[in-house]
Amino acid sequence: MPRLALYAFAVCALAVAAAVVSFARGSWLGVVWILLFGVASNIAWYYMRKAKNDRAAEQGTAAG
């Protein structure tokens, strides 16, 4: 798994935890944490797909 995807997944987990704590304390600041989770999950998804496509391209050029 690419390093940047791992970092993004870590940010996702921390953002969810921060949102839960924020909402539990009655603060609407949790909305910002949910938005950060959305951005981080998109980044993680992008780097996972990029790594998969890069591996497929390497295998395709090595075989052909």
Side-chain angles (χ1 to χ4, degrees):
M1 184 179 289
R3 186 182 312 165
L4 289 174
L6 287 174
Y7 290 155
F9 280 129
V11 170
C12 285
L14 291 173
V16 168
V20 168
V21 168
S22 182
F23 284 133
R25 291 185 177 185
S27 173
W28 283 96
L29 189 62
V31 173
V32 175
W33 294 113
I34 296 297
L35 293 174
L36 180 64
F37 168 78
V39 172
S41 67
N42 285 340
I43 291 170
W45 179 255
Y46 171 78
Y47 281 112
M48 291 293 292
R49 295 285 298 174
K50 183 178 182 306
K52 181 181 175 186
N53 290 337
D54 288 348
R55 280 193 307 266
E58 286 178 7
Q59 290 176 355
T61 57

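We number each residue from 1, following the sequence as shown.
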Going from CD1 on I43 to OH on Y46, what distance comes out if it is rounded to the nearest 0.5 angstrom?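 Going from the CD1 atom of I43 to the OH atom of Y46 covers 10.5 Å.
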Could you tell me the separation between the CH2 atom of W33 and the CG atom of L14, rounded to the nearest 0.5 Å?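 So the gap between those two atoms works out to 8.5 Å.
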Please list, one pair per line, the donor and acceptor atoms closer than 3.5 Å that link side chains of residues 47-56 to other protein atoms, with sequence neighbours excluded.
from : atom 1 : to  : atom 2 : distance (Å)
K50  : NZ     : D54 : OD2    : 3.2
N53  : ND2    : R49 : O      : 3.3

Do V32 and V16 share a hydrophobic cluster (ILVMFWY, side-chain heavy atoms under 4.5 Å, transitive)?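 They do not share one cluster, since no chain of ILVMFWY contacts under 4.5 Å joins V32 to V16.
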For S41 versus C12, what's the shortest heavy-atom pair and its separation?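 Shortest heavy-atom separation between S41 and C12 comes out as N-SG, 3.4 Å.
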When the side chains of residues 23-30 are checked against the rest of the protein, which donor-acceptor pairs come out under 3.5 Å, sequence neighbours left out?
from : atom 1 : to  : atom 2 : distance (Å)
S27  : OG     : L29 : N      : 3.1

